[in-house]
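What follows is a set of notes on a single structure, which appears directly below.
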Amino acid sequence: MRKNIVAGNWKMNLDLNTGIQIFNEINTLITEEVNGNQEAVVCPPFIHISAFTDAIKPGIKLSLGAQNCHQADAGAFTGEISASMLVSCGVKYVIIGHSERRQYFNETDALLAKKLDAALKNGLTPIFCVGETLEQRNSGIYFDIIREQISSAAFHLPSADFSKLVLAYEPVWAIGTGLTASPEQAQEIHGFIRKQIADKYDQNLADSISILYGGSCNPKNASELFSQPDIDGGLIGGASLKARDFVDIIKAFN
Ligand code: 13P
């Protein structure tokens, strides 16, 4: 059985005090209200991560994630953060290949392949993001785009490593726009992604991979999205900055 996961990507938002306050609120609400087996993850900005390390105790339902990592283990890379540094701060997940990193920081599939290798080598679980732009959707090439993103960055992995990935489908046109993909649109791509994995590896592996949806997911639309057969949770931006909304999304699985 694959895991249901809801991860909050805080992006470059919140000062430290507000972040700590929201994190603690999320933690309390999850402990009081979440009664399923779903896993919750918060991905704060790098600089705030170690402030949350102590709050993550064994048995707690909330895990820490990061929004990116460098592909090298260590070295002269001013301003960068390695996967092993994240592990030393109690981080379990790392988002790799978010469309904002692809768009604003020129991250290519070839670079993302190396980042996936670095994350896996250090024992982090990558949340690997794929998704098409509006232009690509409208021109009908979106299946090719998604297939290319997955195969170029991740299909070099042996099955034992690929099985450790979490994937996230985030249509670029749905991120921060209020334009959520319909449950049918999202399911179509999630099913397609699972089929690509089954074709490359095998059906058992494909069935074991959690595939999250991201893009204007909120407490109102989460249940319908998460009830689709191939949608195993969400990667949440704006709504993860409000404890009540984020936990209500997590509770869409209760
Ligand atoms: P929004 O939920 O704000 O649309 O952002 C989604 C996202 O980019 C999560 O990584």
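Every number for a ligand or one of its atoms is a count from 1 in the order of the listing. These values consider heavy atoms only, across backbone and side chains, with no hydrogens, waters or symmetry-generated copies.
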Considering the options Leu14, Asn9, Ile236, which one meets the side-chain contact (heavy atoms from CB on, under 4.5 Å) requirement together with Leu241?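 The option that passes is Leu14.
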More than 12 foreign heavy atoms under 6.0 Å from CG of Asp15: is that the case here?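 Buried by this count: over 12 neighbours within 6.0 Å.
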Heavy-atom neighbours of Glu25 CD exceed 12 at 6.0 Å: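 For Glu25, atom CD is crowded (more than 12 foreign heavy atoms under 6.0 Å).
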Assess the side chains of Glu39 and Ser63: does a donor N or O sit below 3.5 Å from an acceptor N or O? yes
If you measure every N/O of [X] against every N/O of ligand 1, is any gap under 3.5 Å?
X	result
Gly237	yes
Glu100	no
Gly176	yes
Thr177	no

Contact atoms of ligand 1, heavy-atom distance to [X] under 4.0 Å:
X	result
Gly215	4 (O), 6 (C)
Glu170	6 (C), 7 (C), 8 (O), 9 (C), 10 (O)
Ala174	4 (O)

So that I can tick it off, tell me whether Lys114 and Asp117 are bridged by a salt bridge, with the cut-off set at under 4.0 angstrom between side-chain N and carboxylate O.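 So Asp117 does not pair with Lys114 through a salt bridge.
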Considering Ser216, Ala239, Gly238, Gly131, which one's heavy-atom position lies nearest to atom 3 (O) of ligand 1? Gly238
Name all pairs fulfilling the side-chain hydrogen bond (donor to acceptor under 3.5 Å, both in side chains) condition that reach into residues 229-244, sequence neighbours left out, sorted by first residue then second. Arg2-Asp232, Glu33-Arg244, Gln187-Asp230, Arg194-Asp230, Arg194-Asp232, Arg244-Asp248
Mind checking whether Leu235 contacts ligand 1 via backbone (N, CA, C, O), side chain (CB onward), both or neither, at a 4.0 Å heavy-atom cut-off? both
Indicate yes or no: at least one non-hydrogen side-chain atom of Ile22 is less than 4.5 angstrom from one of Phe246.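 A side-chain contact is absent here, since even the closest heavy-atom pair is not under 4.5 Å.
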